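To start, the structure itself, in structure tokens.
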Number of protein chains: 2
Amino acid sequence: MLCVASESVRSRILAAGQRITPQRDLIAGVLEAAEAPLGAQELLDAVALRDAGIGRATVFRTLQSLQDAGVVQHVPLPGDQGGYLLCPTSGHHHHLVCQRCGRVEDLLEDEVALFVGAVARDHGFDIDHAGLELSGHCSGCR
Amino acid sequence: MLCVASESVRSRILAAGQRITPQRDLIAGVLEAAEAPLGAQELLDAVALRDAGIGRATVFRTLQSLQDAGVVQHVPLPGDQGGYLLCPTSGHHHHLVCQRCGRVEDLLEDEVALFVGAVARDHGFDIDHAGLELSGHCSGCR
DNA sequence: GCGCTTCTGATACCTGGTATCATCTGCTTC
DNA sequence: GAAGCAGATGATACCAGGTATCAGAAGCGC
């Protein structure tokens, strides 16, 4: 596992006005190679495994930068602290996570919009923020 | 503000096989009197204000007990760490929070079930857990 | 009132995350 | 290719939220 970020990830980092450094490359690469969202400790460990010289401040700062760049999202998972996920698509969206294999699917914009619209109508709210995280078992894992 | 839990809260604590102690009474009372979800620090402060002898371990332990009893829910709020909320209705449900006045409404079971069902169908998942937290501005605050 | 069980408070610890600051380095300009 | 600077880095200390442990206190059924 080389753990170097793909061209598309790099170009999204550059597009956000941020520099490509070996550390960011490595951290983004680790996230890209991960099959499931990585928790903070898992990510720190995985990064340390590949380059013990990278400090924890750098890891968290890089996560913040990658979130700002829309490359990474923090997904709250049931029970624990949640994890960091490298998203192939930009922009805020929501996830459906398989608790067994860790597979992540993006929810469809339409179904989310329909639900949020119905809630807004029923309760008379203007909804600014929707945090929707669903988890269960995918077709292969049930 | 007496900050003593109502009868209905007490009976729900008892129904969960837990004891009523002055500390639990006070903590439940503080949550019951709060208009908006209380963050950990706010809650610790509010409890200390009324009885400085109550330790932080007791507060967190009591929150855990109250959550187990279905009396309290932890609601993740956008941006920050979320807060603790005393729910008038038992059982797992979801919330709609006004970011301005802190008012909380429960989402209707039907609208949630409809959404979760649609997602399950579209993605071929069995959905075990849905974390839905919506926030915005209520009719009075926009 | 007795005794079991649960609860409490103090304290130390853990995890996730941020702040600070001196040093280093990627990138632009020439 | 070298210079300069803004931005990135690593070390470290710190913070908040939460848990573990343990001796002692208190609730409640008998």
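Just so you know, these numbers come straight off a predicted model, no measurement behind them. Within every chain, numbering begins at 1; the chains are lettered A, B, ... in the order of the sequence lines, protein sequences first and strands thereafter.
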Which nucleotide in dG16(C), dC27(C), dT8(C) has an atom nearest any side-chain atom of Ile20(A): dC27(C)

Among dC28(D), dG26(C), dT12(D), which is the nearest nucleotide to the side chain of Arg19(B)? dC28(D)

Length of the [atom1]-[atom2] vector between [X] and [N], whole Å:
| X | N | atom1 | atom2 | value |
| --- | --- | --- | --- | --- |
| Phe60(A) | dT15(C) | CZ | P | 11 Å |
| Ile27(A) | dG10(D) | CD1 | C1' | 12 Å |
| Leu63(B) | dG17(D) | CG | C1' | 11 Å |
| Asp25(B) | dC7(C) | CG | P | 14 Å |
| Gln64(B) | dG17(D) | CD | P | 16 Å |
| Ile13(A) | dG7(D) | CD1 | P | 17 Å |
| Glu42(A) | dT15(C) | CD | P | 13 Å |
| Asp68(B) | dT6(C) | CG | P | 14 Å |

Should the heavy atoms of other residues, nucleotides or ligands under 6.0 Å from CZ of Arg100(B) be counted, would the total exceed 12? no

Describe the nucleic acid contact of [X] in one word from base, sugar-phosphate, nothing, applying a heavy-atom distance below 4.0 Å.
| X | value |
| --- | --- |
| Ala57(B) | base |
| Ile54(A) | sugar-phosphate |
| Gly53(B) | sugar-phosphate |

Would one find a side-chain N or O of [X] under 4.0 angstrom from OP1 or OP2 of [N]?
| X | N | value |
| --- | --- | --- |
| Arg61(B) | dG9(C) | no |
| Gln18(B) | dT6(C) | no |
| Thr21(B) | dG27(D) | no |
| Tyr84(B) | dG18(D) | yes |
| Gln23(A) | dT25(C) | no |

Only one of Leu85(B), Leu134(B), Leu107(B) passes side-chain contact (heavy atoms from CB on, under 4.5 Å) with His95(B), and that residue is Leu85(B)

Quick one: which of Val47(A), Leu26(A), Leu38(A) gives a side-chain contact (heavy atoms from CB on, under 4.5 Å) with Leu31(A)? Leu38(A)

Taking N and O atoms by type only, does the side chain of Arg56(B) place a donor or acceptor under 3.5 Å from a partner on the base of dG9(C)? no

Can you say whether a donor on the side chain of Arg24(A) sits under 3.5 Å from an acceptor on the base of dA8(D), or the other way round? no

Step by step, would you call Tyr84(B) with Val75(B) a side chain to side chain contact (heavy atoms under 4.5 Å, CB included)? CA-CA 6 Å; Tyr84(B) 296 93; Val75(B) 300; over 6 Å; no

Is a donor from one side chain sitting under 3.5 angstrom from an acceptor on the other, for Gln73(A) and His93(A)? yes

